[in-house]
Amino acid sequence: MTSPIKPPQEIVSTITKIAPKIYDMTVVSTSEEGSAALISRNAKAGQFVMIRADEEGERIPLTIAQTEAKKRAVRLIFQVVGTSTHKLSLLKPGDQVLNLAGPLGKPSEVVEGKKVLVIGGGVGIAAILPIAGSLYHAGNDVTVVLGARTRDLLILKDEFKPIAHRLVLCTDDGSEGRKGFVTDAMNDLVANTGAYDVGWAVGPTIMMKMCSEIAKRLDFPLWTSLNPIMVDGTGMCGGCRVLVGNEMFFACVDGPEFDGRLVDWDNLLLRQKQFKTEEADSFHHCRLENQLHSR
Ligand code: FAD
Ligand code: FES
Ligand code: MG
């Protein structure tokens, strides 16, 4: 009797804590038909996955930080902020990830031969890694600005060195690079070298809002990756509605990148907070359940 064919599984191959509360995880498929294999062959810069750790978990969106088709591998970098990211952080090499869907969203519009500015803040640094790489290899003049609260949170900086013509590091407390926010660096760069043809900024919502105000003043397009709460990630639930240029879009299928100059940031900030109480309760219970397992 022949043994039944096993369905493909998505397995954690590596998971490393790279900074306080920030994890670098690679998921691989057990066969070419698996989701990680499919994503690794098709993903482009700017796209994301929806991931679910286990039966009881919710799906959450994470940006695809890197792919390797030969290894059927997808690299995700996430910060623990609540229940689902905490559960992901407890996974170990060899553990199964229940669902991984993608690549989702529209890829970044990769220009050629332009003067571009790429800004990453906090865990948003991971999201701009593939964007900076694609822009560099497409022959653009790439300036990268990375910012974090403090030195330990300034992740992946060595990975940007080969894909940036200029790399500016900033920390709020001055523990590495220049002291101050990415917006200070952005203002100085523009004052010294003139406006950019196009830019990207990915990070905390308030950072993207402030960078967009500078881009608006200087009149150059700035792509920002919007992060409303997503449920299905496929345009079906309407949960990720955003207002851009007074029009309504679904960030999961129409974005996640939109020109920050046109985004209604206050509406986004408000919508992100709508489940704060439930999220806090859920995290409290989750930590109680897992206190013996926390790493
Ligand atoms: P919760 O306690 O449930 O939520 C904490 C906060 O996270 C909420 O207040 C809300 O603002 C946000 N959030 C909660 N649920 C969702 C959801 N379903 N969708 C979106 N935001 C949510 N984070 C990373 O660390 N790395 C990434 O690469 C990354 N990429 C993203 C790409 C996209 C397109 C989007 C929309 C978000 C991305 N995020 C990323 C944010 C990440 O999805 C949230 O931090 C995560 O869903 C929080 O889940 P939680 O259960 O741990 O926390
Ligand atoms: Fe449901 Fe975008 S997450 S429509
Ligand atoms: Mg949650």
Side-chain angles (χ1 to χ4, degrees), residues 15 17-27 39 43 45-54 56-67 74-91 99-108 120-131 148 153 155-156 202-206 208 223-242 248-258 263 267-287 290:
I15 180 161
K17 192 173 186 177
I18 56 169
K21 293 192 178 174
I22 303 185
Y23 292 80
D24 187 341
M25 177 172 83
T26 301
V27 181
I39 295 164
Q47 291 187 295
F48 66 95
V49 296
M50 293 297 284
I51 185 168
R52 184 155 72 122
D54 57 42
E56 287 154 28
E58 59 179 358
R59 286 181 173 75
I60 60 160
L62 294 178
T63 306
I64 300 165
Q66 199 180 355
T67 53
V74 177
R75 182 184 184 196
L76 306 168
I77 295 171
F78 61 91
Q79 182 169 28
V80 174
V81 293
T83 305
S84 299
T85 45
H86 176 67
K87 279 186 176 181
L88 285 178
S89 76
L90 297 176
L91 292 172
N99 301 125
L100 187 74
L104 299 169
K106 289 187 178 164
S108 307
V123 77
I125 291 174
I128 61 151
L129 184 66
I131 300 173
L153 297 170
I155 56 171
L156 311 178
V202 185
T205 312
I206 195 70
M208 296 194 283
W223 294 105
T224 51
S225 185
L226 301 195
N227 48 359
I229 292 178
M230 293 188 178
V231 182
D232 62 345
T234 59
M236 307 287 281
C237 70
C240 66
R241 286 191 303 279
V242 289
M248 197 191 74
F249 293 95
F250 290 166
C252 66
V253 285
D254 301 319
E257 289 182 7
F258 294 90
V263 171
N267 175 270
L268 177 62
L269 283 160
L270 205 66
R271 287 183 60 83
Q272 284 171 334
K273 291 186 197 139
Q274 59 192 322
F275 301 113
K276 276 281 172 216
T277 314
E278 293 84 348
E279 286 160 359
D281 286 351
S282 160
F283 197 18
H284 178 68
H285 289 300
C286 174
R287 274 188 298 199
N290 289 300

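Counting starts at 1 for both ligands and their atoms, following the listed order.
Checking side-chain atoms of Arg59 against main-chain N and O of Ala53 turns up no donor-acceptor pair under 3.5 Å. Put simply, the side chain of Gln47 gets close to the backbone of Gly105: a donor and an acceptor are under 3.5 Å apart. Remark: side-chain polar atoms of Arg271 are not paired, donor with acceptor, to backbone N or O of Leu268 under 3.5 angstrom. Side-chain N or O atoms of Asp232 include one that pairs as donor or acceptor with a backbone N or O of Cys237 at under 3.5 Å. Counting only distance, with no hydrogens or angles, the side chain of Thr205 and the backbone of Leu269 share no donor-acceptor pair below 3.5 Å. In this structure a side-chain-to-backbone donor-acceptor pair under 3.5 Å is missing from Thr67 to Val74.
Of all atoms in ligand 1, listed by their number and element, those nearer than 4.0 Å to a heavy atom of Phe78 are 24 (C), 25 (O), 26 (N). For ligand 2 and Cys252, the ligand atoms under 4.0 Å from any heavy atom of the residue are 2 (Fe), 3 (S), 4 (S). Here is the list of ligand 1 atoms found below 4.0 Å of a heavy atom in Ile60: 47 (O), 49 (O). Against a heavy-atom cut-off of under 4.0 Å, Met236 is close to the following atoms of ligand 2: 4 (S). The ligand atoms of ligand 2 that sit less than 4.0 angstrom from a heavy atom of Gly235 are 4 (S). The contact set between ligand 2 and Val231, taken as ligand atoms under 4.0 Å from a residue heavy atom, comprises 3 (S).
Counting protein heavy atoms only, atom 26 (N) of ligand 1 is closest to Ile77 O, 2.9 Å. At the top of the distance list for atom 8 (C) of ligand 1, counting protein heavy atoms only, stands Glu279 OE1, 3.1 Å. For atom 39 (N) of ligand 1, the nearest non-hydrogen atom of the protein is Pro61 O, 3.5 Å. Here the protein heavy atom with the shortest distance to atom 53 (O) of ligand 1 is Gly82 CA, 3.3 Å. Ranking protein heavy atoms by distance to atom 19 (N) of ligand 1, first place goes to Met230 N, 2.9 Å. Of all protein heavy atoms, the one lying nearest to atom 12 (C) of ligand 1 is Ile229 CG1, 4.6 Å. In terms of protein heavy-atom proximity, atom 44 (C) of ligand 1 is nearest to Val81 CG2, 4.5 Å. When only non-hydrogen protein atoms are considered, atom 4 (S) of ligand 2 lies nearest to Gly238 N, 3.1 Å. Scanning all protein heavy atoms for the shortest distance to atom 11 (O) of ligand 1 gives Gln272 O, 3.5 Å.
Polar contact with ligand 1: absent for Val231 (N/O pair, distance under 3.5 Å). The N/O atoms of Ser84, backbone and side chain alike, include one that comes under 3.5 Å of an N/O atom in ligand 1. Considering both main-chain and side-chain atoms, Leu62 never comes within under 3.5 Å of ligand 1 through any nitrogen or oxygen pair. Considering backbone and side-chain atoms together, Asn227 places no N or O closer than 3.5 Å to any N or O of ligand 1.
The number of heavy atoms from other shown groups lying within 6.0 Å of CE (Met236) does not exceed 12.
Looking at Glu257 and Ser225, their side chains never bring a donor and an acceptor atom within 3.5 Å of each other.
Taking 2.8 Å as the criterion, Cys237 counts as a coordinating residue of atom 1 (Fe) of ligand 2, since one of its N, O or S atoms falls below it.
Proximity of Glu58 to ligand 1 is established by a heavy-atom distance of less than 4.0 Å. Residue Gly239 places every heavy atom at 4.0 Å or more from ligand 1.
Which of Thr85, Leu88, Ile51, Thr63 comes nearest to atom 52 (O) of ligand 1 through a heavy atom is settled by distance: it is Thr85.
Restricting Glu58 to its N/O/S atoms, the shortest distance to the Mg ion (ligand 3) is reached by OE2. Distances from atom 1 (Fe) of ligand 2 to the N/O/S atoms of Asp232 are shortest for OD1.
Side-chain contact between Ile64 and Ile39 is present, with at least one heavy-atom pair separated by less than 4.5 Å. You'll find the side chain of Ile60 reaches within 4.5 Å of the side chain of Leu88, heavy atoms only.
In this structure, Val202 and Ala127 approach most closely via the heavy-atom pair CG1-CB, 3.7 Å.
Within the 4.0 angstrom cut-off, atom 17 (C) of ligand 1 has one or more protein heavy-atom neighbours.
When Arg75, Gln66, Lys17 are each tested for a side-chain hydrogen bond (donor to acceptor under 3.5 Å, both in side chains) with Asp24, only one passes: Arg75.
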- Message: Apply side chain to side chain contact (heavy atoms under 4.5 Å, CB included) to residues Phe48 and Met230 and explain how you reach the verdict.
- Response: CA-CA 11 Å; Phe48 66 95; Met230 293 188 178; 3.7 Å; yes
- Full working for side chain to side chain contact (heavy atoms under 4.5 Å, CB included) between Leu156 and Ile18: CA-CA 9 Å; Leu156 311 178; Ile18 56 169; 4.2 Å; yes
- Item | salt bridge (charged side-chain N to carboxylate O under 4.0 Å, His left out) assessment of Lys87 paired with Asp54 | CA-CA 9 Å; Lys87 279 186 176 181; Asp54 57 42; 3.6 Å; yes
